[in-house]
Number of protein chains: 2
Amino acid sequence: MSASGDPVSATPPGKATIRDVARLAGVSHSAVSKVIRNAYGVSPGMRERVTAAIDALDYRPSATARAMRGSGFTIGLEMPSDSNPFFNVLIGGAMAALADSPYQLVVAPAMSADALEFRALEALADRQVDGLVAISPLVGTAWLARLSRQMPIVMLGRHDESAAYDTLASDDALGTRLVMEHLRDLGHRRIAHLTHGAAVTAAGSLTPHAVRYEAYHAAMAAAGLDRSARVIRTGANDDEAYATTMTLLRDARQSGDELPTAIFAGNDSIALGVQRAILDSGLTHDDISLASYDGIPMTAHPAVSLTTVDQRGHEMGATAVTLLLERLAGRTESKQLLIEPRLRVGTSTRPPRS
Amino acid sequence: MSASGDPVSATPPGKATIRDVARLAGVSHSAVSKVIRNAYGVSPGMRERVTAAIDALDYRPSATARAMRGSGFTIGLEMPSDSNPFFNVLIGGAMAALADSPYQLVVAPAMSADALEFRALEALADRQVDGLVAISPLVGTAWLARLSRQMPIVMLGRHDESAAYDTLASDDALGTRLVMEHLRDLGHRRIAHLTHGAAVTAAGSLTPHAVRYEAYHAAMAAAGLDRSARVIRTGANDDEAYATTMTLLRDARQSGDELPTAIFAGNDSIALGVQRAILDSGLTHDDISLASYDGIPMTAHPAVSLTTVDQRGHEMGATAVTLLLERLAGRTESKQLLIEPRLRVGTSTRPPRS
DNA sequence: ATGAAAGCGCTAACAC
DNA sequence: GTGTTAGCGCTTTCAT
């Protein structure tokens, strides 16, 4: 009939408090607390009456109140809000790992401006989450170390090492080597690297893009191609990558300069912008090969078919959560994990012309 | 040098409480409370000393504690976690609308199983968010009405009308009419509709997919094509749409039955799966035209170029938040808004063969 | 204008 | 095994 039915059978969260339950069950409110926490010292009889009262009243403990004293069973995930599909993959992995736990995942999207990067992290901390998974390449280690005194933290995509928090990253050096060798094997020599702004790739900053940047140079050097190395900077999303590439192509046309025969893009999001620009310019990957990093689902689309390094985001998200659960269960020494990436070859990389 | 620097200038949330601030400023803690709330009754002198103490201690009020008594300045956004990129667009809009407000957005991804759809909603309610924006087509209106007694709610993509909560949706009937007329004008007669399972399109359920489903039939009827109407069901993501389409194509090949000349997919995510299947089968859009709904960024990629109905997700996300802020500011009558969609024609729709 | 006191819904000692 | 009690860090009357 109309939508006023109740397709999903459940009752909405009520206003009942722990005391209401206690009253109905004829016990003290701390007894109820013990029951909902599965704490030690409750007789089967009491547990039963309390349980009955709980669902008679549709009682749900306030996560807010619990968080103030003990745990609110909440895990916070902070990530850029720039809609890079890779983050969706991460979320999927995190959700999967959390499915059978009592914890709830809440995601705080961060505005991408550098100075604002830590706001979402603070917001999550203010909300007393039990633990934090975060992607904040630019936030300082000292700041994180201090935050980690309040709650366990797992940082994604950082290659730094801290006793205070865990890190989990793709082996970006290896991944980059895989693409670069692939391009070299195809015969490319003028391989450009299109990446983010200098802030993100600063030497020693140990962000994924910084590591890829250095590995790119190392690979060029190893192949004796130092002289052909060329780094092009662009913004954070595919639209900016599109614009940057358009400019690159136009400039080359006007000046007659040689274009690179291959571009290694810092990530898939950038690469999709580059691909759009290449196609919109009437060129194909016979003119310019394109490879990148991440392995988002879209790269496997036959019309896109991007050669990319799959950094296995699903596993990464799941592992991050697992690390956090370990911490929550008592682990105190920090861990640094590296996930081995895999090259996935598509039709966007081909032998160079001539 | 090393990553231990502090590129982002800020101090991590400290452990200081409102009492610490009060002590340092030599005032009562309730005075501090008044200052941080901009409440009435604080002398300039006191405000100044308190403010000084606040940033001397790096004090940040606990959102958790605030939520228990007043407002925690948190807005909850519940959405499916099936990684449909359209939801990223929505988040972007919501973030933009919230940028200059004191509210923080937290997203709770919901597991897609029908019976689990309301879990994320409950989780957010348990966390005492100030208001809720949600995409839960299947949750009953009665359930929502009850939840709305605890906090204001804005439901996205629902065409039902409730005095309890606001609704905001694309004009799905209009959007569907736009695509169907486009296909008809191209000369198509055998137009199939590929959509979700029957639960989501049940008559009168007033979900976006139900409305599109009915508008599809209405359009076919209006064009005198009732006999050619054909609805194909598939799962929630592009992989399932891919598999469904592959089966469709194989069956047609084996049985010799006629394929539709055009497919109207329930959303872009489904459509991308269909497109993959078409291309992987060695067919093109000259064989089967393809149109869909949503207008996610990827559809504009030249190698994809999907004809789709742009439902303006960014505006939708922003408007949803605005509605919520209005509620938070005191509005009590409910509102129902419809956003006018726009057809965006790509190369995936062409005249039929023959 | 300021502060004392009550209490939000819980958890966790600690009594009994 | 069960209940009493004391907070967690705030907001919010209500005296002063």
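Heavy-atom basis, side chains included; hydrogens, waters and symmetry copies ignored. Below, chains carry the letters A, B, ... as their sequence lines are ordered, and counting in each starts from 1.
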Short side-chain donor-acceptor distance under 3.5 Å, Asp130(B) and Ser71(B): yes

Side chains of Arg37(A) and Ser33(A), donor plus acceptor under 3.5 Å: yes

N/O (side chain, [X]) to phosphate O (OP1/OP2, [N]) under 4.0 Å:
| X | N | value |
| --- | --- | --- |
| Arg66(B) | dC10(D) | no |
| Tyr40(B) | dA1(C) | yes |
| Ser43(A) | dT2(D) | yes |

Proximity to DNA chain D (any heavy atom under 4.0 Å), residues of residues 28-38 of chain A only: Ser28(A), His29(A), Ser30(A), Ala31(A), Lys34(A)

Gap between atoms [atom1] and [atom2], on [X] and [N] respectively (whole Å):
| X | N | atom1 | atom2 | value |
| --- | --- | --- | --- | --- |
| Gln128(A) | dC8(D) | CD | P | 13 Å |
| Leu57(A) | dG9(C) | CG | C1' | 15 Å |
| Arg60(B) | dC10(D) | CZ | P | 11 Å |
| Asp126(A) | dC8(D) | CG | C1' | 16 Å |
| Lys15(B) | dC10(D) | NZ | P | 11 Å |
| Arg47(B) | dG3(C) | CZ | C1' | 17 Å |
| Arg19(A) | dG3(D) | CZ | C1' | 12 Å |
| Ile18(A) | dC10(C) | CD1 | C1' | 6 Å |

side-chain hydrogen bond (donor to acceptor under 3.5 Å, both in side chains) between Thr74(A) and Arg127(B), intermediate numbers included: CA-CA 9 Å; Thr74(A) 308; Arg127(B) 279 154 189 80; 2.8 Å; yes

Stepwise side-chain hydrogen bond (donor to acceptor under 3.5 Å, both in side chains) test for Gln150(A) and Ser148(A): CA-CA 5 Å; Gln150(A) 287 178 62; Ser148(A) 75; over 6 Å; no

Arg69(B): partners by side chain to side chain donor-acceptor pair (under 3.5 Å), with sequence neighbours left out: none

Electrostatic pair Lys335(A):Asp166(A) at N-O distance under 4.0 angstrom: no

Which residue lies more 5' along DNA chain C, comparing Arg69(B) with Gly70(A) via nearest heavy atoms: Arg69(B)

Worked verdict on Ser136(A) versus Glu78(A) for side-chain hydrogen bond (donor to acceptor under 3.5 Å, both in side chains): CA-CA 8 Å; Ser136(A) 291; Glu78(A) 177 266 354; 3.0 Å; yes

